Amino acid sequence: MSHSKIIGVDDKEFRIGWIAQALGYSLILGTHSFRHETQEQAGSGKISKAHRELQQSDLAVKRNTAIEAHKVAASSCAVICRVGVLWLEALFTIAAQMVYTQSPDLRREAKMKRCYLLFAVGFFALAPVRAQDSVIAPSDNLVVDGVPRIPESIAETAGRYASYRSANLADWHPTKREMLIATRFAETPQLHLLKMPGGARQQLTFFADSVGGGRFHPNGGDYILFAKDVGGGEWYQLYRYDVATGDVTLLTDGKARNLPGPWSSSGDQIAYMSTRRTGRDTDLWVMNPSDPKSDHLLTQLAGGGWQPLDWSPDDKKILLAEELSINESYLWLVDAATGEKTELTPRNTTEKVSYGEGRFSKDGKGIYVTTDKASEFHRLAYLDLATKQPQFLTTNISWEVEAFDLTHDGKMIAFVTDEEGVSVVHVMNTATKKEMLLPKLPKGVVGSLRWHKNGHELGFSLNNARGPGDVYSLDVATGKVERWTASETAVKTDGFPEPELVRWKSFDGKMISGFLYKPAAKFSSKRPVLVVIHGGPEGQSQPTFLGRSNYLLNELGIALIYPNVRGSTGYGKTFSLLDNGFKRDDTYKDINALFDWIGTQPGLDSERIAVTGGSYGGHMTLAVSTFYSDRIRCSVDIVGMSNLVTFLEHTEAYRRDLRRVEYGDERDAKMREYLEKIAPMNNIEKIKKPMFVIAGKNDPRVPVSESQQIADALKKQGTPVWLLIAKDEGHGYRKKPNQDFQFYATVEFLQEYLLK
């Protein structure tokens with residue numbers, strides 16, 4: 001349509017189009033600016049009147065009418081801003097003048113009017129868009145209830161703290177000096193190939209759901225085996241990624257839960273666990289990934305606590321672990337041909353013993369394991385298969401041995417100890433049982449310990465308070481330490497505070513510890529506190545990178561405390577058992593004692609405390625919000641259990657028995673009565689302070705119903721509650737857009753209920 005053309009009154013198609021557009025803009029702006037029905041009726045009345053008057057032919061040809069319309073257009077912005085609903089009359093009048101004007105004498109004025117109209121329409125069309133853009137709208141996969149509009153300004157500041165990535169070691173290439181790592185470039189972590197220290201990260205997998213680990217085929221690295229679930233449901237499937245073509249092949253049934261285990265010593269078979277047979281029991285399966293038809297059930301097992309650890313050097317035996325609880329597990333040897341299993345560690349003993357990782361020695365005569373046998377901590381030990389007697393290798397270290405890896409030739413073993421939350425790397429000669437002198441490594445928390453097949457390069461991941469997580473290598477022959485990745489952060493981390501280890505005495509005299517992060521000195525007054533409780537409960541808060549929480553610390557001035565209440569790991573098995581069964585509420589009292597300690601600290605504000613946590617930490621958050629409501633301002637519950645009875649009844653069957661050992665068996669009448677008594681859901685009237693409840697719809701561990709029922713009950717009784725559920729997530733959010741919205745909403749919640 002030419003701008004110089006005057007549209008006649010008979011051009012119905014154009015006339016209807018312009019009126020429809022004008023009405024459309026009026027509806028958008030009217031919805032944005034005016035909420036009352038009377039105002040809307042007044043506006044529509046003015047439109048109707050203008051429409052009737054402009055149909056009069058004598059009015060349409062009068063020059064003074066065009067001039068007046070020109071004046072209205074020229075001052076439309078000011079009029080609209082000042083007069084409110086009159087903007088609609090002015091805008092429609094200009095549009096109508098264009099539609100109905102027919103006189104050739106008015107071409108020039110019509111052109112001018114059209115320019116003003118387009119300017120006015122553009123101005124007001126953009127205005128509501130700007131208004132909509134000023135808030136962060138949740139995506140369609142998020143269910144929000146009670147959550148107010150989140151200002152976009154939060155993303156402009158806090159968003160920088162959400163813009164970072166980390167890297168984790170998945171595997172070494174078997175023949176090249178290359179690494180397989182997991183890192184995120186889009187919404188979720190995926191597998192990448194790294195060909196040299198500091199090299200470019202070549203992305204290999206591209207899925208909507210995260211891929212956090214993978215292992216090269218040991219014989220040449222021609223393909224990669226990895227596991228992936230859908231929507232956080234944790235029903236993992238095994239896949240083969242062919243390096244040459246990039247093709248991905250599904251190896252498992254697509255329905256069961258499948259967990260990858262170790263490669264055979266020959267390098268052509270994989271042992272793995274699957275619930276395919278019953279849906280709840282994790283059986284031992286074996287497959288050659290290059291030939292999916294070779295997949296077969298080796299041994300039927302009962303329960304969900306089984307895990308294959310290693311193959312014997314001749315591939316005739318598979319080392320299998322059976323976990324009944326955090327402090328009770330057993331080792332078995334499985335015949336790789338027949339599936340027959342033989343118990344390796346005694347079962348009927350007075351002492352309950354836990355075994356962690358296990359590897360066959362190179363000669364196949366023994367296995368290296370971590371165990372707390374005759375000790376408070378897991379020690380590294382060598383178990384002789386002939387005598388069944390252990391030789392303890394780290395009796396001089398009074399800390400937990402978390403993980404270890406044996407070189408391909410069996411000559412060296414690397415292991416990591418947890419020393420009050422900080423990792424220390426050790427390397428031992430298996431012949432002399434003596435440790436090697438190592439160069440100083442960056443301080444932090446170490447994971448993914450992996451030897452290269454060359455036998456002298458050790459790869460690992462590390463993160464700390466000032467680094468989100470990167471991959472390193474240590475050449476034990478030369479002492480050279482190399483950093484393979486340098487993960488980016490939008491905010492410079494050099495000034496991030498290091499945590500302070502703090503301790504306080506609980507109700508029964510037990511000493512409890514945790515990590516305190518203090519805001520910068522620019523925050524001079526007493527600071528509000530956010531207590532962040534870890535999950536597990538067999539877990540531990542360690543001084544790792546805080547990620548988005550650095551915004552709370554550095555920009556909002558909120559002090560952060562990460563406690564390790566009784567039941568936490570890393571402090572000995574006696575400490576880890578102090579919360580089992582009927583002792584559950586003792587952990588709640590540890591947090592109450594922390595509140596007392598906060599009151600003694602001159603820089604912390606005991607009148608402004610919030611509590612948060614995920615999984616078991618979410619349950620703790622709910623419990624503290626229930627029984628110590630008068631001591632907090634608000635709380636943020638993330639995938640927490642609101643009633644341990646209903647949780648145990650509805651968590652996935654493959655994990656139910658393992659959880660009963662920790663929390664208590666709800667089928668026992670006395671235990672059920674106790675668990676019902678302490679359930680936050682059954683004490684809902686005691687929760688007086690605002691709560692933000694966050695959950696994933698596909699959570700197999702803590703069903704979404706645990707979050708929904710507590711939120712519904714709080715809403716019914718009038719306690720302020722915000723609810724956020726992600727339809728495409730499970731036990732915690734993995735996808736960055738979901739993580740971001742959760743964080744922005746949390747910031748808004750804390751600003752509203754903690755900081756004011």
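A quick note: this is a predicted structure, and the numbers were derived from the prediction, not measured. Residues: numbered from 1 along the sequence shown.
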*Asks:* Taking the six-membered ring for Trp, are Tyr753 and Phe692 ring centroids under 6.0 Å apart?
*Replies:*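 Not under 6.0 Å, so no.
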
*Asks:* Just how far is it from atom CD1 of Ile638 to atom CG of Leu622, taken to the nearest 0.5 Å?
*Replies:*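 Ile638 atom CD1 to Leu622 atom CG measures 11.0 Å (nearest 0.5 Å).
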
*Asks:* Can you confirm whether or not the ring centre of His192 sits under 6.0 Å from the ring centre of Phe185?
*Replies:*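 Judged by ring-centre distance (under 6.0 Å), His192 and Phe185 do meet the cut-off.
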
*Asks:* With sequence neighbours excluded, tell me which residues meet salt bridge (charged side-chain N to carboxylate O under 4.0 Å, His left out) with Glu607.
*Replies:*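 Glu607: no salt bridge (charged side-chain N to carboxylate O under 4.0 Å, His left out) contacts found.
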
*Asks:* What distance do Ser448 atom OG and Ile181 atom CD1 have between them, rounded to the nearest 0.5 Å?
*Replies:*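 Between Ser448 OG and Ile181 CD1, I get 11.0 Å after rounding to 0.5 Å.
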
*Asks:* Scan side-chain atoms only and decide if Ser642 and Glu706 contain a donor-acceptor pair under the 3.5 Å cut-off.
*Replies:*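 Result is yes, a qualifying pair exists.
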
*Asks:* Ring-plane angle category for Tyr562 and Tyr517, please: parallel below 30°, perpendicular beyond 60°, tilted otherwise.
*Replies:*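 Answer is perpendicular, since the angle exceeds 60°.
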
*Asks:* Just jot down the salt bridge (charged side-chain N to carboxylate O under 4.0 Å, His left out) partners of Glu685, sequence neighbours excluded, or say none.
*Replies:*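 Glu685 satisfies salt bridge (charged side-chain N to carboxylate O under 4.0 Å, His left out) with no other residue.
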
*Asks:* Distance check, rounded to the nearest 0.5 Å: Leu714 atom CG versus Gln709 atom CD?
*Replies:*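 Reported to 0.5 Å precision, the distance equals 11.0 Å.
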
*Asks:* Over 60° means perpendicular and under 30° means parallel, so tell me whether Tyr588 and Phe627 are parallel, tilted or perpendicular.
*Replies:*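 Taking Phe627 first and then Tyr588, their aromatic rings lie parallel (interplane angle under 30°).
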
*Asks:* How many angstroms lie between atom CD1 of Ile710 and atom CE of Met691, to the nearest 0.5 angstrom?
*Replies:*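 The CE atom of Met691 is 6.0 Å from CD1 of Ile710, to the nearest 0.5 Å.
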
*Asks:* Which class fits the ring pair Tyr551 and Tyr161: parallel under 30°, tilted 30 to 60°, perpendicular over 60°?
*Replies:*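 Geometry flag for Tyr161 against Tyr551: perpendicular rings.
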
*Asks:* Return the OG to CG distance between Ser487 and Asp470, rounded to the nearest 0.5 Å.
*Replies:*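 Output value for this atom pair is 3.5 Å.
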
*Asks:* Between atom NZ of Lys228 and atom CD of Gln237, what is the distance when rounded to the nearest 0.5 Å?
*Replies:*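 Between Lys228 NZ and Gln237 CD, I get 8.5 Å after rounding to 0.5 Å.
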
